[in-house]
Amino acid sequence: VIGPRTQAPFGRRTARVTANEAVGAYRLISALDSEGPADPKPGQFYMLSADERWGGGSDERPYLPRAFSFARALPGRDGVTLQFFLEAIGPGTTRLAELGKGEGLGLVGPLGIGFDVRDPDEPAILLGGGIGAAPLLALDDALDHECETMLGFRTYEYAEARRLFKGPPPQVATDDGSFGRQGFVTDLLRDWLEDDDDGTVYACGPPPMLEAVRLICAEQDVPAQLALESGMACGYGACFGCVVPTRNGYVRLCVDGPVVAGDELETALVPGAPH
Amino acid sequence: LTPAAYGPVELCGVELGGPVLNGSGTFDAIAARRAFGDALLDQFPFDLFVSKTITVAPRQGNPPPRLWETPAGLINSIGLPNKGLRGFLADDLPQLAELPVPLCVSVMGFSRDELAELVSAVAERDEVSLIELNFSCPNVETGTIMGADPSETAQSVERLRPLTEKPLIVKLTPNATEPAAVAAAAEAAGADAVSLVNTLRGMALDPVTRRPWLGAGTGGVSGPAVRAIALAQVADVAARVNVPIVGMGGIASGRDAANFVAAGATCVAVGTESFRDPAAGRRIGDELGVISREERGFLPSASPERAAL
């Protein structure tokens, strides 16, 4: 059974960047964390910043750290190598995407609650949209058995991320049909559930995708665990900024998520995506 | 290397191990303990813990989005989510009492009756050393932001003063014509200390729709972006009152903290910087200790030399 939370060391520490590779249109940043736990749970996240030049970018930002689920945690002799999967879309991600080997990556984490795998033998359907593939990579690594993995991307350049998954090639859909099936990853899910409705769906991706997953799973009575994203300042419950509406009122995604059961949500259309 | 300690500080008769507090609403020690475990208690970053502001009735807070990053800062419109007085006393206070430092509870009422109810109930609890009065909200009976008006502030403090012997700290809003006049009114009415600044009113527009980004329309700006404004207000207030001052506003280093102390603050509070590093309060306190020991001409506010100035 994969437990959902590993506690973080207190305070921000520095991990040393060991690689920054292109994966299609994305970057995969690897950093050696010698002080943190070797067993973060899939779906947990870290607050990331660059030790140098964090600020002074576009609009004199970034200022706050940025929340990222880890894509892989590879324990080694000198610590755990954490991998983060990102795309430069704003001043924070642009700076992180520029990190060079040897630079300091400031991090706090692992934070939040990850995927809760109650029965490791139960079939798992991993559903990722774009950069949302990251926590599913971690989950794929942690599960012993084969998962049914479905990924959606904008174009073939982004779909290169499929190569990061071990095992049989994931099913892929692209918006423009330049790789795999033209359409959304939720089209793949619908087809799958027509033939086979056994298992749990684990999903991460943009809010409209997660909302579609939530509705499909509710309709088919399939349990869904959704890794959501919301603009965060702190990542550890201090600022109360990242709330999402649930059936029990607003909850802070950073301490009561980011993975939330689909049936607890009023909607996955979280306003205020980070930038 | 162990940094030089700044040394103990007395705030309204309460002995503190050092001068660093958290700004109310910028650190949830209960949630942080879930994230960091008991390491939080072993390495607790503040010398006094200030609770999130509580109100009589429970509040859900404002609709999201609640945050917007600015150059060197942040706009927030959180809306004081809290369990309400009863929920706080039953659920949160026993957990906050486990912290290794004294406790200050922040309260906000929408009328003087509500304020009186909050202060009376909180004052009964031995776990609470000080009470902070968050006056950054409208008095629903008069329509005036309590902390923006000297006479409104004075009347509220006069009403609350007889209810407790515990120190009352008035949290000043920077969104007032003359914060120092409000501070003077609070002191005359019996406040034991003042703290400032709260956030400055600000706004962000959605880059696509050009409509207000924050769910509540506007919010409060904090972080280094407001530091210079905060420092000037602390200096203004220090020139008008004799009660101790808790200074805050974008403090991110011992150097910043030293400037607030030099401007007249007895204690300093760290807020937004804790969002970047949960242990920031401890680092800032350590850096301030080094500065106070090593720098000629730097006088902690409690020193006899400063008292004689």
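Per chain, numbering begins at 1; letters A, B, ... match sequence-line order. The model shown is predicted, which means the values in this text are computed figures rather than measured ones. Heavy-atom basis, side chains included; hydrogens, waters and symmetry copies ignored.
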Counting C-beta onward and ignoring hydrogens, is there a side-chain heavy-atom pair between B:Asp38 and A:Phe10 closer than 4.5 Å?
no
Looking at B:Gly79, B:Pro278, B:Pro71, B:Ala279, which one has more heavy-atom pairs under 4.5 Å with chain A than the rest?
B:Pro278
What closest approach, in Å, do B:Arg66 and A:Phe240 show between heavy atoms, and which atom pair accounts for it?
NH1-O, 2.8 Å
Quick one, A:Cys239 and B:Asn76 - any side-chain contact, counting heavy atoms below 4.5 Å?
no
Given a strict heavy-atom distance threshold of 4.5 Å, which part of A:Val255 is in contact with chain B: side chain, backbone, both, or neither?
both
Please find the pair of heavy atoms, one from A:Trp54 and one from B:Arg276, that lie closest to each other, and give the distance.
CD1-NH1, 4.1 Å
Between A:Leu64 and chain B, which part of the residue has a heavy atom less than 4.5 Å away: side chain, backbone, both or neither?
both
State, yes or no, whether a side-chain contact exists between A:Asp256 and B:Arg34 at a heavy-atom distance under 4.5 Å.
yes
So which part of A:Arg13 gets closer than 4.5 Å to some heavy atom of chain B, the side chain, the backbone, both or neither?
neither
Between A:Tyr250 and B:Gln60, the two heavy atoms sitting closest are N-OE1, 3.0 Å
My understanding is that only residues two or more places apart in sequence, or in another chain, count here; which of them pass salt bridge (Lys or Arg N to Asp or Glu O under 4.0 Å) with B:Arg227?
B:Asp256
For residues 45-54 of chain B against chain A, heavy atoms under 4.5 Å, the residues are B:Pro45, B:Lys52
Report yes if some heavy atom in the side chain of B:Phe275 is under 4.5 Å from a heavy atom in the side chain of A:Met232; otherwise report no.
no
Out of B:Pro63, B:Ala29, B:Ala225, which one racks up the most heavy-atom pairs below 4.5 Å with chain A?
B:Pro63
Which heavy-atom pair separates A:Leu111 from B:Ala35 by the least distance, and what is that distance?
CD2-CB, 4.0 Å
